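Ligands are counted one by one from 1 in listed order, and the atoms in each one are counted from 1 as well. On a predicted model such as this, the values are computed, not experimentally measured, just so you know.
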Amino acid sequence: SKDAGGGHYHAYEPQLHVHAEERRVLEMALRKALEKGELHLAYQPVVSADEAVVEGFEALMRWTSPEHGNVSPAKFIPLAEEARLIGPIGQWALRTACMEARNWPSTVRVAVNVSAEQLHDPRFVDAVRTALADSGLPAHRLELEVTESVFMREGTNAVAVLGQVLALGVRLALDDFGTGYSSLGYLSRTKFSTIKIDRSFVQGASRNAPESLAIIRAVVALADSLGMSTTAEGVETEEEYAMIKRLGARKIQGYLFGRPMSPADARALFPNATRT
Ligand code: C2E
Ligand code: CA
Ligand code: CA
Ligand code: CA
C-alpha cells in the first residue's frame, strides 16, 4: 500500500486477501465438483478388536480437482459447510455409500459422516429415508457418524432429529469423542451404538501418556456400562493394536488394517459375496 508509514499491521492485508481469494476460487470449483463427477468416496475398514474381522467401512469423501489436485476433506468439508454446499454433497455421499454397501456381505455396515449443518436442514431425515429406500439397504446396516458439535449448533434440536433417525432403525456413532465440548448428557439423551475414540488419544497412549491411557480406559468403561461399543481410530502399529485390545476397545480403525480404499478394493475383500 502507498501508506508505507501507516503502521506494520498493513502487512496483513495482502495475506488476508490471498487467503480469501484462494477460498473463493476453491469454493467456486467445489460448487461444480459434484455435477462434474470430481467427488468420490473411499472406504476404510473397521475391524473387530478380538479377531480383526471386517465389521464395516467408514465412507470418507475425496475430491480430485483438475485445477487443485487432491484437496483434503479437512479443507473442503469446512468450506462446503460455510458455503452451504454440504447439504447436496452430504446427500450424495449418503446415497452413494448406501448403494455401495449393497455389494458387501449382509453383516457389513457402512458409516457415513454427517455434519451439524446437515442435521439443521429440515429435509435431512427424509434424505436418509430416501437413500435407504432407493438403495434397498436395511437401515441397521447404516451408521451415521456425528460429532458433539451437532449438539452445540444453535437453532437445531439435534436430540430430536437424531431420535427420528434412530426411529428409522439407523445406528448412530459419536465421532471424535473427547475432542470437543464433551457432555455426558448427550450420551443419556441419544442412543449411540458406538463411541469413536479419537486418534489423538491412541497416539498419546502409544507414547504411554498417562492421561490418554486413563481417558481411553474411562471411555471404554463408560461405553460398556451404557451398552455402547467403542472404536479406536488411527491405529497404525501392532504395538498400538495390542495396547488398544488391552484397554478393551471393541473395534479398530486405522492404517494397520487398511487405508481408505476404492469401492473395487473394498469389494475384493469379500471374494465370495453375493449382492444382498
Ligand atoms: P474423521 O471422520 O475423524 O475420519 C477419520 C480420519 O482419520 C480420515 O481422514 C482417515 O483417513 C484418517 N485415518 C484413519 N486411520 C488412520 C491412521 O491410521 N492414521 C492416520 N494418520 N489417519 C487415519 P480423512 O479421510 O482425511 O477425513 C478427515 C475428516 O474429514 C474426517 O475425519 C471427517 O471429519 C471429514 N469427512 C470426511 N468425509 C466426510 C463426509 O463425507 N462428510 C462429512 N461431513 N465429513 C467428512
Ligand atoms: Ca468419522
Ligand atoms: Ca473420527
Ligand atoms: Ca476427526
Side-chain angles (χ1 to χ4, degrees), residues 30 33-34 38-47 52 56-64 69-98 100-101 109-121 124 127-128 131 142-150 153 171-180 182 192-206 216 219 230-241 243-244 249 251-263 265-266:
L30 188 57
L34 188 56
E38 296 169 6
L39 297 178
H40 61 277
L41 295 177
Y43 297 89
Q44 185 178 31
V46 178
V47 305
F57 292 89
E58 178 176 2
L60 292 159
M61 214 181 290
R62 297 289 176 260
W63 177 22
T64 308
N70 292 323
V71 186
S72 163
K75 195 169 190 175
F76 76 79
I77 295 286
L79 192 63
E81 288 167 349
E82 287 159 32
R84 296 172 175 271
L85 295 167
I86 195 70
I89 288 175
Q91 195 176 335
W92 165 83
L94 195 57
R95 293 179 68 86
T96 305
C98 288
E100 187 54 38
R109 295 189 193 100
V110 68
V112 179
N113 291 286
V114 172
S115 61
E117 292 308 304
Q118 287 174 268
L119 283 195
H120 185 61
D121 187 331
F124 178 71
V128 176
L142 174 64
E143 187 161 87
L144 300 182
E145 297 193 0
V146 300
T147 63
E148 290 151 319
S149 68
V150 299
R153 173 78 167 74
R171 296 162 56 101
L172 296 176
L174 188 52
D175 205 356
D176 300 349
F177 186 72
T179 63
S182 302
F192 289 99
S193 299
T194 302
I195 298 177
K196 298 192 80 171
I197 301 169
D198 193 70
R199 173 166 170 261
S200 55
F201 299 118
V202 173
Q203 282 179 303
S206 82
I216 295 178
V219 172
T230 37
T231 301
E233 294 190 288
V235 172
E236 296 184 347
T237 65
E238 289 289 351
E239 289 72 28
E240 285 169 353
Y241 175 35
M243 176 205 61
I244 288 298
K251 290 177 283 183
I252 309 237
Q253 181 178 354
Y255 293 170
L256 180 65
F257 295 101
R259 296 200 170 230
M261 59 183 84
S262 70
D265 286 349

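Put simply, CG on Leu39 and CG on Leu30 are 7.0 Å apart, with the number rounded to the nearest 0.5 Å. Taking OG1 of Thr194 as the start and NZ of Lys251 as the end, the distance is 3.0 Å to the nearest 0.5 Å. Atoms CZ and CG, on Arg109 and Leu142 in that order, are 10.5 Å from each other to the nearest 0.5 Å. Going from atom CD of Glu233 over to atom CD1 of Ile252 covers 11.5 Å, rounded to the nearest 0.5 Å. Between atom NE2 of residue His120 and atom CD of residue Glu81 there is a gap of 13.0 Å, rounded to the nearest 0.5 Å. Taking CZ of Arg62 as the start and CG of Asn70 as the end, the distance is 9.0 Å to the nearest 0.5 Å.
Numbered from 1 in the order shown, with element, the atoms of ligand 1 that lie under 4.0 Å from a heavy atom of Asp176 read 3 (O). Short contacts between ligand 1 and Gly254, defined as distances under 4.0 Å to a heavy atom of the residue, involve ligand atoms 15 (N), 18 (O). Applying the 4.0 Å criterion to heavy atoms of Glu233 picks out, from ligand 1, the atoms 3 (O), 5 (C). Atoms of ligand 1 lying under 4.0 Å from any heavy atom of Ser115, numbered from 1 in the order shown and given with element: 44 (N). Residue Glu58 approaches ligand 1 through these ligand atoms, each under 4.0 Å from one of its heavy atoms: 2 (O), 4 (O). Distances below 4.0 Å separate heavy atoms of Glu236 from the following atoms of ligand 1: 17 (C), 18 (O), 19 (N), 20 (C), 21 (N).
Aromatic rings of Phe201 and Phe177 (six-membered ring for Trp) have centroids beyond the 6.0 Å cut-off, not under it.
With a 4.0 Å heavy-atom cut-off, ligand 1 is reached by no atom of Val112. Contacts between Leu60 and ligand 1, counted as non-hydrogen atom pairs separated by less than 4.0 Å, involve both the backbone and the side chain. When non-hydrogen atoms are compared, ligand 1 lies under 4.0 Å from the side chain of Arg199 (C-beta onward) but not from its backbone. At a heavy-atom distance under 4.0 Å, no atom of Arg259 approaches ligand 1.
Remark: ligand 1 and Gln44 share an N or O pair separated by less than 3.5 Å (distance only, no angle test). The distance criterion of under 3.5 Å between nitrogen or oxygen atoms is not met by Ala93 with respect to ligand 1. The shortest N or O to N or O distance between Arg62 and ligand 1 is under 3.5 Å.
At a cut-off of 3.0 Å, Asn113 coordinates the Ca ion (ligand 2) through an N, O or S atom. Distances from the Ca ion (ligand 3) show that Asp175 has an N/O/S atom below 3.0 Å.
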> After noting the C-alpha distance and the side-chain angles of Glu100 and Leu41, does the key distance pass the side chain to side chain contact (heavy atoms under 4.5 Å, CB included) rule?
Replying inline: CA-CA 10 Å; Glu100 187 54 38; Leu41 295 177; over 6 Å; no
> Is there a side-chain hydrogen bond (donor to acceptor under 3.5 Å, both in side chains) between Ser206 and Glu240 once you walk through the steps?
Replying inline: CA-CA 6 Å; Ser206 82; Glu240 285 169 353; 3.2 Å; yes
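Among the heteroatoms counted here (N, O or S) of Glu58, OE2 is the one nearest to the Ca ion (ligand 2). When the Ca ion (ligand 2) is compared with the N/O/S atoms of Glu145, atom OE1 turns out nearest. Closest approach between the Ca ion (ligand 3) and any N/O/S atom of Asp176 involves OD1.
Comment: Lys196 engages Glu58 in a salt bridge, judged by a side-chain N to carboxylate O separation of less than 4.0 angstrom. With respect to Arg84 and Glu117, no salt bridge is recorded, no charged nitrogen being found less than 4.0 Å from a carboxylate O.
Nearest heavy atom pair, residue Ser115 against residue Val150, reads C-CG1, 4.5 Å.
Look at Pro260 and you'll find a heavy atom under 4.0 Å from some atom of ligand 1. Contact between Gly234 and ligand 1 is present, with at least one heavy atom of the residue lying under 4.0 Å from the ligand.
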